[in-house]
Peer 1: 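Just passing along the structure, written as structure tokens.
Keep in mind that what you see is a predicted model, and the values were worked out from it rather than measured. Residue numbers start from 1 in every chain, and the chains themselves are labelled A, B, ... in the order their sequence lines are given, proteins ahead of strands.
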Protein chains: 2
Amino acid sequence: MRQDRRLRRRNETVQEILDTAIEVMAEEGVAALSLAEVARRIGIRPPSLYQYFPSKIAIYDALFERGMRRSVEILAPYRATIADDPCGAIAAGQEATIAWMTANPVLAQLMYWRPAPGFEPSPQAFEPAVQQLEILREALQAAVDAGQLAPAAASEEGLALYTVLISGVISQQLSNEPSAPPGQGRFTRYARTALDMFFRYYAPEEGETDDPILRRSRAATPD
Amino acid sequence: MRQDRRLRRRNETVQEILDTAIEVMAEEGVAALSLAEVARRIGIRPPSLYQYFPSKIAIYDALFERGMRRSVEILAPYRATIADDPCGAIAAGQEATIAWMTANPVLAQLMYWRPAPGFEPSPQAFEPAVQQLEILREALQAAVDAGQLAPAAASEEGLALYTVLISGVISQQLSNEPSAPPGQGRFTRYARTALDMFFRYYAPEEGETDDPILRRSRAATPD
DNA sequence: GTCTATAGCTGGATAGAC
DNA sequence: GTCTATCCAGCTATAGAC
């Protein structure tokens, strides 16, 4: 249908704008995004951008949402394995998330700091972030239920600590060694260790069962 | 002496420029720092700024250095207590650092991310960062020597993990709840828990524990 | 949906007078 | 050390023609 084609075309342009905005921010800085430069690169005049986004802030918002959605999508395959092996799913999801974030430093910055004053994610853009936290909570709760972690792991504290670890690894890696290959960074290579630290902190009490940590850390820690 | 006064006056202007640059960055974003705006606010014309800094990058560099120096200064009082109580000194230093960083989000961003492409800290600006790491290493090593932590705590891994915790707490706090009062934030309130996690991960092995004699002799050793 | 034109600004940096 | 003048450019956003 004609309508569909038009919509598809429009959506392609929207995506092109967003892709190009990321490029420009990578070169100029997130706060120094220039719409005119974006327009130039995709071959339109600046006013035409306003057919797709009402303002610069709207572009930040769309990118924040895109980043969050993408990082939820990345978790999807691991989410399916939660029931089988909760701690394994968490570890795999963490690794994939960190790999994606270090490969997408602009979006990581937009998601993990406030680089553009005046921009605050809208509720709609924030929705996938909430969803992501829910997936994490689900995984931690499954680990608790399986007796692999103590109940506190799935509390607000546990969730907060987990996100602290993730954002800390990404932040340190990107600021100290921005161009390290994935998994080879001075900091990303300790991501697994950081997670073991988390797991060990929330190791179940004696009698609460099976200790996943020793098993896991011995199995997976590279040297 | 006349010379001194002139130097002092000059230095005052330098500090005023830096203070104002922080203000402007807080409003416009780190990457969107405008020198013209800085000049306007301190009541000079833009070209006059170039008597104090050769470029915008130089201002970023000076601010990075200032932030790093300041955060080393903050550690000084706790450094003196390392010999007495290494883990206590680490905890107190961590708390003070986090409080300062959350109160100085612009400098924190400059120190913990790369918000301004084209700016990379010069060796001189980076020097206090190295010093800060050395203080941390010293404290962790003291804790190891006192039998309070396992040797790995003072390794590259231990240092990396500690900085991951600090930057993670700050990053999460500033991006999710930028205006929380110190210590009351959803994330800063778990800073101490994060540190406990670290300490527990590096708990000394059985038999490696606390040797009171060794500990006392170290306490008596001048620094 | 894209354009031109325009408003009303802003920018970093240099040359050279005083 | 501060200025004017200047270079040469940049910007977001809107109005309205086609």
Peer 1: Using heavy atoms and a sub-4.0 Å distance, could you list which residues of residues 20-35 of chain B are near DNA chain D? By number, please.
Peer 2: none
Peer 1: Show me the donor-acceptor pairs within less than 3.5 Å that the side chains of residues 46-53 of chain A make with the rest of the protein, sequence neighbours left out.
Peer 2:
none

Peer 1: Can you name the residues that form a salt bridge (Lys or Arg N to Asp or Glu O under 4.0 Å) with B:R45, not counting sequence neighbours?
Peer 2: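 Not a single residue meets the salt bridge (Lys or Arg N to Asp or Glu O under 4.0 Å) criterion with B:R45.
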Peer 1: Taking only residues at least two apart or on different chains, which pairs with a member in residues 173-188 of chain B satisfy salt bridge (charged side-chain N to carboxylate O under 4.0 Å, His left out)?
Peer 2: B:E177-B:R186
Peer 1: Show every side chain to side chain donor-acceptor pair (under 3.5 Å) that has at least one partner inside residues 15-24 of chain A, sequence neighbours left out.
Peer 2: A:Q15-A:R66, A:D19-A:R66, A:E23-A:R41
Peer 1: Partners of A:S71 by side chain to side chain donor-acceptor pair (under 3.5 Å), sequence neighbours excluded?
Peer 2: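 Partners of A:S71 under the side chain to side chain donor-acceptor pair (under 3.5 Å) test: A:Q132.
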Peer 1: According to the salt bridge (charged side-chain N to carboxylate O under 4.0 Å, His left out) rule, which pairs have a member within residues 73-82 of chain A, sequence neighbours left out?
Peer 2: A:R70-A:E73, A:R79-A:E138
Peer 1: If you look only at distance, which donor and acceptor atoms sit under 3.5 Å apart when one is on a side chain in residues 117-124 of chain B and the other is two or more places apart or in another chain?
Peer 2:
from   : atom 1 : to     : atom 2 : distance (Å)
B:S122 : OG     : B:D61  : OD1    : 3.4
B:S122 : OG     : B:D61  : OD2    : 2.6
B:S122 : OG     : B:A125 : N      : 3.2
B:Q124 : NE2    : B:E65  : OE1    : 3.2
B:Q124 : NE2    : B:E65  : OE2    : 3.3

Peer 1: List in numerical order all residues of residues 37-58 of chain B for which some heavy atom is under 4.0 Å away from an atom belonging to DNA chain D.
Peer 2: B:I44, B:R45, B:P47, B:S48, B:Q51, B:Y52
Peer 1: Output all residues satisfying side chain to side chain donor-acceptor pair (under 3.5 Å) with B:Y60, sequence neighbours left out; order by chain, then residue number.
Peer 2: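 Not a single residue meets the side chain to side chain donor-acceptor pair (under 3.5 Å) criterion with B:Y60.
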Peer 1: Given axes from five pairs at either end, by how many degrees does the helix from C:dG1-D:dC18 to C:dC18-D:dG1 bend, rounded to 10°?
Peer 2: 0°
Peer 1: Check side chain to side chain donor-acceptor pair (under 3.5 Å) between A:Q131 and all other residues, then give those that pass, not counting sequence neighbours.
Peer 2: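 For A:Q131 there are no side chain to side chain donor-acceptor pair (under 3.5 Å) partners, ignoring immediate neighbours.
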Peer 1: Take atom CD of A:E127 as the centre, draw a 6.0 Å sphere, and report whether it contains more than 12 heavy atoms from other residues, nucleotides or ligands.
Peer 2: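 Yes, enclosed.
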